[in-house]
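Beneath this line is the structure, given in structure tokens, with notes to follow.
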Amino acid sequence: MTDSPFRSDVLAGKVAFIAGGTSGINLGIAKRFAELGANVGILGRNPEKAAAACAEVAAASGQGDGSGKAVYRTADVRDYGAIRTAMEEVRGELGAFDIVISGAAGNFLSPVLGMSANAFRAVVDIDLIGTFNVFRGCHDLLNLPGASLIAITAGQAEHAMAMQAHACAAKAGINQLIRTLALEWGPDVRVNGISPGPIADTEGMARLAPDETTRAAHYARIAMKRWGTCFEIAEAAVYLSTSAGSYVTGAILDVDGGSSVGDASRLDTGKGLA
Ligand code: COA
Ligand code: NAP
């Protein structure tokens with residue numbers, strides 16, 4: 001295990017539901033939560049992928065002693081009835097949710113003129129409407145007060161990016177949904193976002209930086225001059241879901257090595273900020 005300041009049982013007895021938890025960053029969060037003692041439910045569309053991911057989560061539980069429960073369901077987050085049923089079933093098996101993560105997303109590079117209305121809608125539906133469905137649908141399944149909801153957003157929410165009109169619009173909507181829910185549900189439920197930078201070995205990176213030129217362009221913008229890891233995003237989720245983050249709500253936490261602060265690429269010229 002990578003070094004961590006968190007106690008190894010900091011999530012013991014907690015229940016977490018993670019939409020989109022069957023791969024990548026969200027699976028990293030699911031495994032980390034399980035390591036730290038949580039019982040974890042994950043959800044994706046593909047049943048084989050979900051079953052394999054669930055086995056990984058179960059193997060990680062209780063620091064690898066398999067003491068926690070891990071379950072999975074398959075549903076499309078665009079379908080409110082399906083996601084609601086899946087969450088009701090997971091609550092029935094694991095108990096009321098202390099933590100809910102909305103991390104399912106779709107993305108591809110395309111200029112607006114290369115997108116049909118359905119292409120734009122597909123990403124907005126998965127990311128934004130999906131997050132509404134997960135958060136709206138989980139409210140009466142939560143362990144109150146003190147529940148923590150986290151949406152996985154992205155830098156495109158605040159910084160427009162060519163070839164990303166759908167993701168920019170969807171993630172910007174998610175950020176405002178996070179803030180609105182933080183206001184409406186404030187006393188009982190904390191609602192926050194995590195905005196990852198470019199994370200190594202993920203589907204998102206493979207799609208947004210498919211060749212060396214685009215990888216170099218992304219890399220140049222990172223102040224810390226390295227890719228992020230799924231573990232680093234998971235640790236941020238642990239922070240927001242434990243007493244460490246007990247007075248944090250409505251926040252969008254950038255975990256991006258400084259990618260969103262500004263443009264660090266001029267440093268690569270070797271001429272500093274001249
Ligand atoms: N460029 C332009 N349009 C594209 C496209 C691309 N690269 N890829 C898909 N589309 C269009 C499709 O042509 C379709 O539009 P149409 O009906 O007018 O032809 C529309 O997008 C929906 O595609 P479809 O494959 O039917 O949608 P889906 O719901 O099965 O899948 C996606 C959604 C397209 C986002 C798919 O890539 C996905 O499921 N991604 C999940 C994984 C992922 O993206 N991970 C990274 C997260 S950052
Ligand atoms: P990923 O591996 O593709 O994970 C996406 C997850 O969502 C999978 O579990 C996928 O499973 C599920 N999913 C997709 N569409 C779904 C739908 N319609 N209904 C239900 N589940 C669905 O992606 P990732 O790269 O790790 O990204 C995870 C999150 O981080 C996303 O929100 C992304 O926007 C954000 N992010 C990523 C990066 C990065 O560098 N990767 C940077 C910034 C933000 P199925 O395919 O089986 O449905």
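Ligands are counted one by one from 1 in listed order, and the atoms in each one are counted from 1 as well. Side chains are part of it too, since the values below use all heavy atoms of this structure and drop only hydrogens, waters and symmetry mates.
Of all the atoms in ligand 2, the ones that sit under 4.0 Å from a non-hydrogen atom of Met205 are 40 (O), 41 (N). Close contacts of ligand 2 with Gly24, meaning ligand atoms under 4.0 Å from a residue heavy atom, involve 2 (O), 26 (O). Close approach to Arg78 involves these atoms of ligand 2, each under 4.0 Å from a residue heavy atom: 18 (N). Close approach of ligand 2 to Ile126 (heavy-atom distance below 4.0 Å) involves ligand atoms 15 (N), 18 (N). Of all the atoms in ligand 1, the ones that sit under 4.0 Å from a non-hydrogen atom of Arg78 are 29 (O). Heavy-atom proximity to Ala105, at under 4.0 Å, picks out these atoms of ligand 1: 41 (C), 42 (C), 43 (C), 44 (O), 45 (N), 47 (C). Atoms of ligand 2 lying under 4.0 Å from at least one heavy atom of Asn46, given by number and element, are 47 (O). Heavy-atom contacts of Ala154 reach the following atoms of ligand 2: 43 (C), 44 (C) (cutoff under 4.0 Å).
The protein heavy atom nearest to atom 40 (N) of ligand 1 is Arg207 NH1, 3.6 Å. Of the protein's non-hydrogen atoms, Gly20 CA, 3.8 Å is the one closest to atom 12 (C) of ligand 2. When hydrogens are left out, the protein atom nearest atom 17 (O) of ligand 1 is Asn118 ND2, 2.9 Å; that is the closest non-hydrogen contact. Looking at atom 19 (O) of ligand 1, its nearest protein heavy atom turns out to be Ser116 OG, 4.6 Å. Here the heavy atom of the protein found nearest to atom 8 (C) of ligand 2 is Ser23 OG, 3.3 Å. Closest protein heavy atom to atom 26 (O) of ligand 2: Ile25 N, 2.9 Å. Nearest protein heavy-atom contact of atom 25 (O) of ligand 2 is Gly204 N, 2.8 Å. The protein heavy-atom contact nearest to atom 41 (N) of ligand 2 is Thr202 OG1, 2.8 Å. With hydrogens left out, the protein atom closest to atom 3 (N) of ligand 1 is Phe108 CE1, 3.6 Å, a heavy atom. Counting protein heavy atoms only, atom 10 (C) of ligand 2 is closest to Lys49 NZ, 3.8 Å. Of the protein's non-hydrogen atoms, the one nearest atom 35 (C) of ligand 2 is Ile152 CG2, 3.6 Å. Among all protein heavy atoms, the one lying closest to atom 43 (C) of ligand 2 is Pro196 O, 3.2 Å.
Residue-environment remark: CG (Asp211) exceeds the threshold of 12 foreign heavy atoms within 6.0 Å.
Within the 4.0 Å heavy-atom criterion, neither part of Gln156 lies near ligand 1. At a heavy-atom distance under 4.0 Å, only backbone atoms of Ala75 (N, CA, C or O) approach ligand 2.
Looking at Arg45 next to ligand 2, an N or O pair under 3.5 Å apart turns up. Considering backbone and side-chain N/O of Ala104, none are found under 3.5 Å from N/O of ligand 2. Note: an N/O pair closer than 3.5 Å links Gly103 and ligand 2 by distance alone. Taking any N or O of Ile199, backbone or side chain, at least one lies under 3.5 Å from an N or O belonging to ligand 2. For ligand 2, one of its N or O atoms has an N or O atom of Asp76 under 3.5 Å away. Ligand 2 has an N or O atom lying under 3.5 Å from an N or O atom of Val77, backbone or side chain.
Below 30°, between 30° and 60°, or above 60°: for His166 and Phe108 the angle between ring planes is above 60°, a perpendicular geometry.
Across all their heavy atoms, Glu235 and Phe6 have their closest contact at OE1-CD1, 3.5 Å. The heavy-atom pair separating Gly193 from Ile178 by the smallest distance is CA-CD1, 3.6 Å. The minimum heavy-atom distance linking Asn175 with Glu158 is given by the pair ND2-OE2, 3.2 Å. The minimum heavy-atom distance between Ala154 and Ser195, with the atom names listed, is C-OG, 3.2 Å.
For the ligand labelled ligand 1, residue Met115 lies outside the 4.0 Å heavy-atom shell. Within the structure, the closest approach of Ala53 to ligand 2 does not fall below 4.0 Å when heavy atoms are considered. Within the structure, ligand 1 lacks Arg121 among the residues with a heavy atom less than 4.0 angstrom away.
The nearest non-hydrogen atom to atom 44 (C) of ligand 2, considering only Ile194, Thr153, Leu43, comes from Thr153. Between atom 21 (O) of ligand 1 and the options Ser23, Ala167, Ala119, the minimum heavy-atom separation is to Ala119.
Distance check on atom 6 (C) of ligand 1: some protein heavy atom falls below the 4.0 Å cut-off. There is no protein heavy atom less than 4.0 angstrom from atom 27 (O) of ligand 1. The presence of a protein heavy atom under 4.0 Å from atom 23 (O) of ligand 1 is ruled out. Not a single protein heavy atom sits closer than 4.0 Å to atom 13 (O) of ligand 1.
Remark: Arg78 pairs with Asp76 by the salt bridge (charged side-chain N to carboxylate O under 4.0 Å, His left out) rule, at least two apart or across chains.
With rounding to the nearest 0.5 angstrom, the CG atom of Leu149 is 5.5 Å from the CG atom of Leu142. Rounding to the nearest 0.5 Å places CD1 of Ile194 at 9.5 Å from CG of Asn26.
With Phe17 as the fixed residue, the ring-ring contact (aromatic ring centres under 6.0 Å, His included) test singles out one of Phe135, Phe97, Tyr72: Phe97.
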